[in-house]
2 protein chains.
Amino acid sequence: MDKKNQNDEALIQQKKFIDYLTNNDLKLTKARSEVFEIVAKMDNHFGAEDILQSSKNSVSRATLYRTLNELVESQVIRKTAFGDKHQHFEFVLEKKPHHHAFCLNCKTNIEFPDFGEEEIYNKILEKMGFEIYGHEMHFYGLCKNCTKEKI
Amino acid sequence: MDKKNQNDEALIQQKKFIDYLTNNDLKLTKARSEVFEIVAKMDNHFGAEDILQSSKNSVSRATLYRTLNELVESQVIRKTAFGDKHQHFEFVLEKKPHHHAFCLNCKTNIEFPDFGEEEIYNKILEKMGFEIYGHEMHFYGLCKNCTKEKI
DNA sequence: CTGGTTGCAAACGATTTGCACCCGC
DNA sequence: GCGGGTGCAAATCGTTTGCAACCAG
């Protein structure tokens, strides 16, 4: 993806967020802009703490969490899940589509790019010496009812 | 999978757990047996609260959580990944391999069986009227180093 | 102006831990 | 009997919420 496309992406995300705010009578405040800016700069996934770090506490925890939930509602980001405790987020429109290989023993989470085909992963992981016990796929999108509602 | 195989599975799980206990100088106590029994009866996935319900509080929360962690360490179960707050667990050797389709809008988590091929899911979900935005695969197993260590 | 927004601090829910007593081995 | 196991209650962690002051439209 070249610079231009990345920029387009960012604008789409921004539009989604602003539309959401408008549709829900929410204001585009300094705090919300700040959180959005920081989030937009993040890579694949991040947690609340990452944002807080980058913001150098210019936004309070309370507001940060509130804004993150708004970003989820506006479908700019989504909650993702790992084996650990705190929430992680990823972009609904992934910057770098990728998957995960989690070691049950040392708890490492290996991230690797998407190649579009399932079989290839087995080979890749095998080549990496990763012994696969199993895998699960998490699809996300809109279910039948919600697709209809979308207008 | 027939009755006999299911029983074999259960025994394998049990052996794994007992081996783990032995190797770590842990005792096979009443509480641990009880938790193991209940967990073994669970379907695909479950949370701490599910176990507590089934046990009718014969095991304390503290012990339950301690035992669940032991079951994770012994690789009988693993922490799984959902978008919500509390931990879920699944079996390392899945009883019914399956995947998930999560609706970003209504937060429904649709569970569907594993068919071994990736392309087929797109068709299935499409037929269900589910509009896929993306997906992530979570592989789990042992990484190179840990495979070696396994002896 | 005015209603949504913020930060603070307190509340929360799930999970973890310190401790004194209990029980497998 | 000893060393780990248990329940209890208190502590912790990430996240959420009530409230009074604050600011965007």
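These numbers come from a predicted model, not from an experiment. Lettering of chains follows the sequences in order, A, B, ..., and the numbering in each one begins at 1. Hydrogens, waters and symmetry mates are skipped; everything else that's a heavy atom, side chains included, is used.
- Put simply, CG on B:L68 is 12 Å from C1' on C:dA14, counting in whole angstrom units.
- A heavy atom closer than 4.0 Å to some atom of DNA chain C occurs in B:K27, B:L28, these being the qualifying members of residues 24-35 of chain B.
- A:R78 meets the salt bridge (Lys or Arg N to Asp or Glu O under 4.0 Å) test with A:E90, B:E136; sequence neighbours excluded.
- Among residues two or more places apart in sequence or in another chain, the ring pair (Phe, Tyr, Trp, His ring centres under 6.0 Å) test is passed with B:F36 by B:F17.
- Take B:K15 and apply the salt bridge (Lys or Arg N to Asp or Glu O under 4.0 Å) test, not counting sequence neighbours, and it matches B:D19.
- Going from atom CD of A:E70 over to atom P of D:dT15 covers 16 Å, rounded to whole Å.
- One atom, OH of B:Y20, and another, P of D:dG4, lie 14 Å apart when rounded to the nearest Å.
- As rounded to whole Å, 12 Å separates atom C1' of C:dA14 from atom CG of B:N69.
- When rounded to the nearest whole Å, the span between CG of B:L52 and P of D:dC8 equals 11 Å.
- The distance between atom CD of A:E73 and atom C1' of D:dT16, rounded to the nearest whole Å, is 15 Å.
- Taking atom CD on A:E49 and atom P on D:dC13, their separation rounds to 11 Å, with Å as the unit.
- Non-hydrogen atoms lying under 4.0 Å from DNA chain D are contributed by A:R61, A:A62, A:Y65, A:R66, all within residues 55-66 of chain A.
- Residues satisfying the salt bridge (Lys or Arg N to Asp or Glu O under 4.0 Å) criterion with A:E49, sequence neighbours excluded, are A:R61.
- If you take CZ on A:F89 and CG on A:D50, they are separated by 10.5 Å, rounding to the nearest 0.5 Å.
- In the hydrophobic clustering of ILVMFWY residues, with side-chain heavy atoms under 4.5 Å counting as a link, A:L68 and A:I38 come out together.
- For the pair B:D50 CG and C:dT15 P, the interatomic distance rounds to 11 Å; values are reported in whole Å.
- Residues that satisfy the side-chain hydrogen bond (donor to acceptor under 3.5 Å, both in side chains) test with A:T63, not counting sequence neighbours, are A:S60.
- With sequence neighbours left out, A:E34 forms a salt bridge (Lys or Arg N to Asp or Glu O under 4.0 Å) with no residue at all.
- Scored by the side-chain hydrogen bond (donor to acceptor under 3.5 Å, both in side chains) test, B:R32 finds B:E70 as partners (sequence neighbours excluded).
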